[in-house]
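Working notes for the structure below.
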Amino acid sequence: MRSKITVKMIAVLMLITGSFLQPDSVAAQDAKPDASAAAVQTDPTFNARLNLPVPKNPSLPTLFLVGDSTVRNGHGDGANGQWGWGEPLVAYFDAAKINVVNRAIGGRSSRTYITEGHWSDVLAMLKPGDVVLFQFGHNDSGPLDDTARARGTIPGIGDESKEIENPILKKHEVVHSFGWYMTKYVTETLAKGATPIVCSPIPRKTWKDGKIVRNEDNYGGWARQVAAKEKVGFINLDEIIAQQYDALGEAKVEPLFGDPHTHTSLTGAEINAASVVAGLKALRPDPVAKNFSNKGIAVKATTIR
């Protein structure tokens with residue numbers, strides 16, 4: 001019994017630090033999960049252990065961040081040299097005017113963030129005047145009902161669905177398209193009197209012919225289509241960041257990542273956070289225009305459709 005408890009404790013520790021929660025590479029998006037991933041379980045009770053922040057001043061408007069490990073890696077403390085852009089984003093806003101609350105969770109897809117109850121937690125805090133930034137896609141391409149993660153969504157933005165028996169949550173589930181889940185986020189945010197903003201996923205460090213491979217043909221493009229359909233703000237993080245990587249070149253982009261292709265170092269996360277601000281400033285209207293700190297004010301808008 002003692003050895004079993006020790007193994008479980010180690011697995012949980014690795015899950016918290018992000019060791020198991022790295023999205024699949026572009027080249028292996030359709031591959032079967034690695035055997036080591038079998039230890040990863042979608043555990044609804046895990047939410048209590050994540051130490052997710054809440055608004056410090058409920059009387060102020062709040063900018064909520066909802067997404068995966070590229071937004072908040074592990075506990076957001078730079079473990080393994082990996083950072084999401086949500087941590088450095090805080091410095092671009094005036095804490096006396098707005099709360100910035102990073103509720104992103106590593107390893108989650110647009111689907112599992114909802115099915116595990118994390119989105120319900122955000123909705124419970126959401127009030128008129130708040131803003132929510134959504135960025136998903138890195139973890140949506142996996143299987144729908146594998147015993148390791150069961151986090152995939154149906155590709156596209158259509159109304160297709162598939163009924164499964166979820167082997168992790170141990171219940172019947174109807175799985176929808178990526179666009180269906182993103183639309184759900186948008187409509188439920190609007191119903192709360194808050195402002196949703198959809199972001200395309202940040203690019204991976206994958207090069208082809210001297211350029212970063214974009215995700216416009218899949219999750220980035222689908223995110224754009226959802227935003228257009230629902231007439232809400234869209235930030236093309238994929239293209240804003242990829243253009244900067246192209247200009248820097250492979251050698252200079254290498255230290256911007258804390259792993260082979262997905263999670264950024266602190267310097268890389270700073271670039272991505274500034275890119276979020278540049279994208280926000282290009283929105284018409286920009287719902288957080290009056291809430292920037294001096295650091296945020298200094299960032300110029302980047303308009304990319």
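Numbers here are sequence positions counted from 1. Computed from a predicted model, the values in this text were never measured in an experiment.
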Does a salt bridge link Lys295 with Glu270, judged by any charged N lying under 4.0 Å from a carboxylate O?
-> yes
Determine, stepwise, if the pair Val198 / Arg224 fulfils side chain to side chain contact (heavy atoms under 4.5 Å, CB included).
-> CA-CA 7 Å; Val198 179; Arg224 177 207 299 275; over 6 Å; no
Taking atom [atom1] of [X] and atom [atom2] of [Y], what is their separation to the nearest 0.5 Å?
X: Leu144; Y: Arg151; atom1: CG; atom2: CZ; result: 12.5 Å
X: Thr302; Y: Gln243; atom1: OG1; atom2: CD; result: 8.5 Å
X: Thr264; Y: Lys205; atom1: OG1; atom2: NZ; result: 11.0 Å
X: Lys192; Y: Thr187; atom1: NZ; atom2: OG1; result: 13.0 Å
X: Leu256; Y: His263; atom1: CG; atom2: NE2; result: 15.0 Å
X: Arg103; Y: Arg72; atom1: CZ; atom2: CZ; result: 8.5 Å

Taking it one step at a time, do Lys281 and Lys300 satisfy side chain to side chain contact (heavy atoms under 4.5 Å, CB included)?
-> CA-CA 7 Å; Lys281 288 191 171 187; Lys300 295 181 180 180; over 6 Å; no
Whether Tyr219 and Trp222 hold their rings parallel, tilted or perpendicular, with breakpoints at 30° and 60° = perpendicular
Side chain to side chain donor-acceptor pair (under 3.5 Å) with Arg111: which of Glu173, His176, Glu116?
-> Glu173
Do [X] and [Y] come close enough that some side-chain heavy atom pair is under 4.5 Å?
X: His138; Y: Ile202; answer: yes
X: Cys199; Y: Leu133; answer: yes
X: Ser200; Y: Phe234; answer: yes
X: Thr70; Y: Thr262; answer: yes
X: Glu239; Y: Arg214; answer: yes
X: Asp68; Y: Gln135; answer: yes
X: Gln225; Y: Lys229; answer: no
X: Lys290; Y: Asp94; answer: no

Please report the shortest heavy-atom distance between [X] and [Y], naming the atom on each side.
X: Ser110; Y: Met182; value: CB-SD, 4.0 Å
X: Ala242; Y: Ile212; value: CB-CG2, 4.0 Å
X: Asp130; Y: Thr62; value: OD1-N, 2.8 Å
X: Pro201; Y: Gly137; value: CG-CA, 4.1 Å
X: Pro55; Y: Asn99; value: CB-ND2, 3.7 Å
X: Gly296; Y: Val277; value: O-CG1, 4.0 Å

For Tyr113, ring-ring contact (aromatic ring centres under 6.0 Å, His included) partners two or more places apart | His118, Phe136
With Phe292 via ring-ring contact (aromatic ring centres under 6.0 Å, His included) - residues at least two apart = Phe93
Kindly determine whether Tyr181 and Val175 satisfy side chain to side chain contact (heavy atoms under 4.5 Å, CB included), including the steps that lead there.
-> CA-CA 9 Å; Tyr181 292 106; Val175 179; 3.9 Å; yes
Is it true that [X] and [Y] fall in one hydrophobic cluster, defined by side-chain heavy atoms closer than 4.5 Å?
X: Leu266; Y: Tyr92; result: no
X: Leu60; Y: Leu280; result: no
X: Leu52; Y: Trp83; result: no

Any chance you could lay out the ring-ring contact (aromatic ring centres under 6.0 Å, His included) test for Trp119 and Phe134, step after step, and finish with the verdict?
-> CA-CA 11 Å; Trp119 175 233; Phe134 298 98; 5.4 Å; yes
Short side-chain donor-acceptor distance under 3.5 Å, Asn139 and Ser109 = no
Can Ser275 and Gln244 be counted as having a side-chain donor-acceptor contact under 3.5 angstrom?
-> yes
Backbone N/O of [Y] and side chain of [X]: donor-acceptor pair under 3.5 Å:
X: Asp146; Y: Arg149; value: yes
X: Lys170; Y: Pro167; value: yes
X: Thr112; Y: Arg108; value: no
X: Asp140; Y: Thr153; value: no

For Lys162, does the NZ atom sit with more than 12 other heavy atoms under 6.0 Å from it, leaving out its own atoms?
-> no
side-chain contact (heavy atoms from CB on, under 4.5 Å) with Trp85: of Ile271, Leu237, Asn102, Ile241, only one passes, and it is Leu237
